[in-house]
Structures are given as C-alpha cells and as structure tokens.
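Because only heavy atoms are used, hydrogens play no part in the values below, and waters and symmetry mates are left out as well, while side chains stay in. For the single chain, residues carry numbers from 1 onward in sequence order.
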Amino acid sequence: MLTSIAERIMYCLTGKTPNSVGPVDISETSDGYDFLEVKPGRILRVRHYLPSRPGGGEQEELDKKKNPGQGMVPCKRRITVYRNGQLVIENLGANLRSEIFHCRNGNSEPAGTVEVELSDFTSTGNEGVSGKESDVPPGKRRKRKPKKVVVVDCQRQVTGCKGTHSDVVLFFIHGVGGSLDIWKEQLEFFSKLGYEVVAPDLVGHGASAAPQIGAAYTFYALAEDMRYMFKRYAKKRNILIGHSYGVSFCTFLAHEYPDLVHKVVMVNGGGPTALEPSLCSIFNMPTCVLHCLSPCLAWSFLKAGFARQGAKEKQLLREGNAFNVSSFVLRAMMSGQYWPEGDEVYHAELTVPILLVHGMHDKFVPLDEDQRMAEILLISFLKVIEEGSHMVMLECPEAVNTLLHEFFLWEPEVQNQGVEESGNE
C-alpha cells in the first residue's frame, strides 16, 4: 500500500508512468506474434495466424471460372448536400438494398431517397423542421443549389469468403484502452476454421511501443499505422472487423482501398459522424490526476462496458487486457480523436457490404447511433445482441462468432437473372 502511494507521488512529481509500455525487441515471429516496425522506434505487436493449406485453392478457381459474374452488385446512388445542412441520398440501384433492408428490419419495401440532417449543422432559425422551405408557397419556391454532389456508380463483386480460400484475410482492430486480446475468442474460432487472421495492438496498447509524445496518438498517426499493417498482410479479399474506435480505422481503410476491402464488420462503432474531441471531458484533466483516478475509471468502464458486473466480467476484463494502458496514453488517445473528413458523406460513399453488431446494453454507444449508420450506408445489416453490451465480443463470443461467420459466407443472389436469360433467347 505504501509502495503504491509512493509510486503515485513520484508519478505526480515526474510525470512518468511507472507501468508504461516501452518499445519491445524486434522479432519477425514469436509464438505466433509479429513485431512490425512501421517507423523507427514505432513497433506494433501483431497476432498473425497463417493456416497451412496443402492443396487448397483449386476448387475456388474452378468456381470462379464457372460463374465469372457471380455476386456482381450495381452500386448507384446520388449524395447531395445542401447549404442548409440537409443531406439527401438517392439510391438509384434498389435491388440489393431492398434485400438488406429486409434482413435488417423486416421491411421488404425498396429503398428510395433518404433525407437526414448533417450532424454538425447548426440551425439559424430560418429552416423548416427538416431543413426544407416548408413555409414558401409551392409555386414560388426556387430551386435550391446544392453545396456538394457526389455520384457513386460502380459494380462490385461480393462473394462468400470461406476459411479454405487462400485469398481471404481477416483483420481485427480494437479500440481505445483495449488490445488484440479482446478478440481472443474470435481469433481462435476463425483460425480453427482455416482463416488467415491478423490482429494488431495499437500504439500504446498491449505489447506495442508507447511513445511519450501526444502527437503519436492522433487519429491520422494511428490510421497510417493501420495502413502500413494492412498493406503488409492484405491479399485479394480482405475483411475488416473493428470495435468502437477501431471502426473508424476500418472505415478509413475501406474508403482508401475499395478494391481490396471485401467486407467490413462494425462492432458498437457509433454513428457516421466526424470525430472531434470533447472539450468538457474528464480526459482533459492532467495526466497525474487521471493516474490517481485510474481505479475509479476502471470501475466505471466495467459498469458501462458490460451488461453485468460480476466476477466473470472482471476476469474477462483482465484476460482481454482491456483498459490496461497508461494514463498518458489514455489522455492522448482521447484528445487525438480528430477526423473531420469522416462525416456522413464519407460513410455514404462506401460501397462495401457492412455488418453492424450492437450490444443492447451498451452505455457508450446508443442503439440509435448504429441505426443512423445503417441508414447512411449503401449495403448494411444491423444485428442487435440482447445480452451484450459494449464488450459484446467478450460477453457473447458464440453469438458474435456466428453472426460474423454467416456474414463472411454471405453473398447476394444473382440480380436480373431472368432479364438476362430472356435477352439471350
């Protein structure tokens, strides 16, 4: 007890954390781990499962030759942003989206136009309830000039991804305060099914290096780490799975590499809003104060992150190495969440199929945020796990693994097959 108090006094005086994670020795592989140096002194620990496939791949190539157009999906939509803050999304190719709507909320009606308000728009008092000129007579309305128009018009091939397919890689990215160990159940499950699996520790987390400079933990610095890691391990069909803040890095990679990212899973990721650090946050307090408050913060995280707070959840928290970062890293991570580009339009431009998994008891991410995300995205499923909370992958691993596996294997039905056959007669 006296030692702990003495350590905290010394920490407040020196500003150095007694349990900070320092750089680790560089090693290509050690018990299934790679240590990846993205920059001099900036080293990431990466869990890499590479299955042995003695004779795989031949059947997969034969299937592709038999059905070269299998899973081709037309992705057409017009995204219009008006000066009054209104965002209008017109879905021009409704066939696949109506299927997704049916799977998501039981509504089989085809999707048409989605109208929402931009989250960062501040009303001036001159707009109607939904940003429309509702008080102007119909005959005197002037045609509004859009501030920005984005047209998405492409075709995307979406196929089922099996563990026996040699060109498929799964990437698992954790959020603030976590580590690759929070994915323990998923890594074991999918590696046993034959998938190649990659899971990094973010800088300052787990066994990765922990630079003692705030600029090392901005969104852009971490995103470049994930870009380097992705390019190092990516193959032809890559599936990104992110949790909480890790979802933002999955979105970034899917936007940057649309031809390489085949599917995305967002676990309690929140709404499609630009990132901006809060000015009124406990994490803006001095690092030494946060260090003294760390037991209270850990207890608060346990209450908010789990549906139940028993001995089992405490054990899961320890095994997942969650919320086990220095106060300096925690403060730098929270203050570095600045990403103005990642707004509604940025998300609406994505054409990759996306599964959203939400824990019903999540106190960090409300359900309506994930619902808003599902409305913005072109191809999306939203699945709610009743017994889960923010750390749903630890609380309900079987349910999460089942949802993920079904999504990996999912592929759309062939569109307009009858029309093509009638045209060939």
Treating [X] as the side-chain partner and [Y] as the backbone partner, does any N or O pair qualify as donor plus acceptor under 3.5 Å?
X      : Y      : result
His243 : Asn268 : no
Asp201 : Ala207 : yes
Gln212 : Ala210 : yes
Asp181 : Lys184 : no
Glu411 : Gly160 : yes
Ser208 : Arg45  : yes
Tyr245 : Gly177 : no
Glu395 : Ser389 : yes
Tyr217 : Pro211 : yes
Asn238 : Ala234 : no

With distance as the sole criterion, is a donor-acceptor pair present between the side chains of [X] and [Y] under 3.5 Å?
X      : Y      : answer
Gln186 : Asn401 : yes
Ser244 : His390 : yes
Thr273 : His347 : no
Arg156 : Thr351 : yes

Do the two ring centres, one from Tyr338 and one from Tyr220, sit under 6.0 Å apart?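 No; Tyr220 has its ring centre 6.0 Å or more from that of Tyr338.
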Taking the six-membered ring for Trp, is the centroid-to-centroid distance between Trp339 and Tyr346 below 6.0 Å?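 Yes.
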Using every non-hydrogen atom in the two residues, find where [X] and [Y] come nearest and quote the distance to one decimal.
X      : Y      : value
Ala209 : Val203 : O-CG1, 3.4 Å
Leu187 : Leu180 : CD1-O, 4.0 Å
Val264 : Val261 : CG2-CG1, 3.6 Å
Tyr82  : Val88  : CE1-CG2, 3.8 Å
Leu170 : Val168 : CD2-CG1, 4.2 Å
Ala221 : Ala215 : CB-O, 3.8 Å

Counting only heavy atoms not in Lys231, do more than 12 sit closer than 6.0 Å to its NZ atom?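 Not buried by this count: 12 neighbours or fewer within 6.0 Å.
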Other residues, nucleotides, ligands: >12 heavy atoms within 6.0 Å of Gln155 CD: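 Enclosed.
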Within the 4.5 Å heavy-atom criterion, are [X] and [Y] side-chain neighbours or not?
X      : Y      : value
Leu355 : Trp410 : no
His405 : Leu193 : yes
Phe407 : Val265 : yes
Val150 : Arg78  : no
Val247 : Val267 : no
Leu36  : Tyr228 : yes
Val352 : Pro258 : no
Val169 : Phe171 : yes

Mind telling me whether Tyr257 and Phe230 have parallel, tilted or perpendicular rings, with 30° and 60° as the class edges?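 Plane angle between 30° and 60°, so tilted.
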Report the C-alpha separation of Cys75 and Asp153 in whole Å, then their side-chain angles, then the decisive distance to 0.1 Å, and conclude whether the side-chain contact (heavy atoms from CB on, under 4.5 Å) test is met. CA-CA 6 Å; Cys75 301; Asp153 188 358; over 6 Å; no
Just how far is it from atom [atom1] of [X] to atom [atom2] of [Y], taken to the nearest 0.5 Å?
X      : Y      : atom1 : atom2 : answer
Ser248 : Met226 : OG    : CE    : 12.5 Å
Cys396 : Glu185 : SG    : CD    : 11.5 Å
Asp368 : Met373 : CG    : CE    : 12.5 Å
Ile239 : Glu196 : CD1   : CD    : 12.0 Å
Met229 : Asp225 : CE    : CG    : 9.0 Å
Leu222 : His205 : CG    : NE2   : 8.0 Å

CA sep, side-chain torsions, deciding dist, call: Leu240, Phe249, side-chain contact (heavy atoms from CB on, under 4.5 Å): CA-CA 9 Å; Leu240 309 179; Phe249 304 117; over 6 Å; no
Side chain to side chain donor-acceptor pair (under 3.5 Å) between Glu387 and His361, worked out: CA-CA 7 Å; Glu387 300 298 322; His361 300 281; 5.3 Å; no
Run the salt-bridge test on [X] and [Y] with the 4.0 Å N-O cut-off and return the result as yes or no.
X      : Y      : answer
Lys235 : Asp167 : no
Arg77  : Glu90  : no
Glu224 : Arg227 : yes

Does Glu369 form a side-chain contact (heavy atoms from CB on, under 4.5 Å) with His358? I'd like the steps, not just the answer. CA-CA 10 Å; Glu369 289 192 15; His358 183 87; over 6 Å; no
Ring pair (Phe, Tyr, Trp, His ring centres under 6.0 Å) between Tyr49 and Tyr195, intermediate numbers included: CA-CA 8 Å; Tyr49 288 96; Tyr195 287 95; over 10 Å; no
Within 45° of the ring axis of Phe408 and under 6.0 Å from its six-membered ring centre, is that where the NZ or CZ of Lys263 lies?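 Checked: cation-pi criterion not met.
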After noting the C-alpha distance and the side-chain angles of Tyr233 and Asp34, does the key distance pass the side chain to side chain donor-acceptor pair (under 3.5 Å) rule? CA-CA 11 Å; Tyr233 295 101; Asp34 295 348; 2.8 Å; yes
Begin with the C-alpha distance, continue with both residues' side-chain angles, and end with the deciding distance and a verdict on side-chain contact (heavy atoms from CB on, under 4.5 Å) for Arg237 and His165. CA-CA 9 Å; Arg237 293 185 294 168; His165 293 171; 2.8 Å; yes
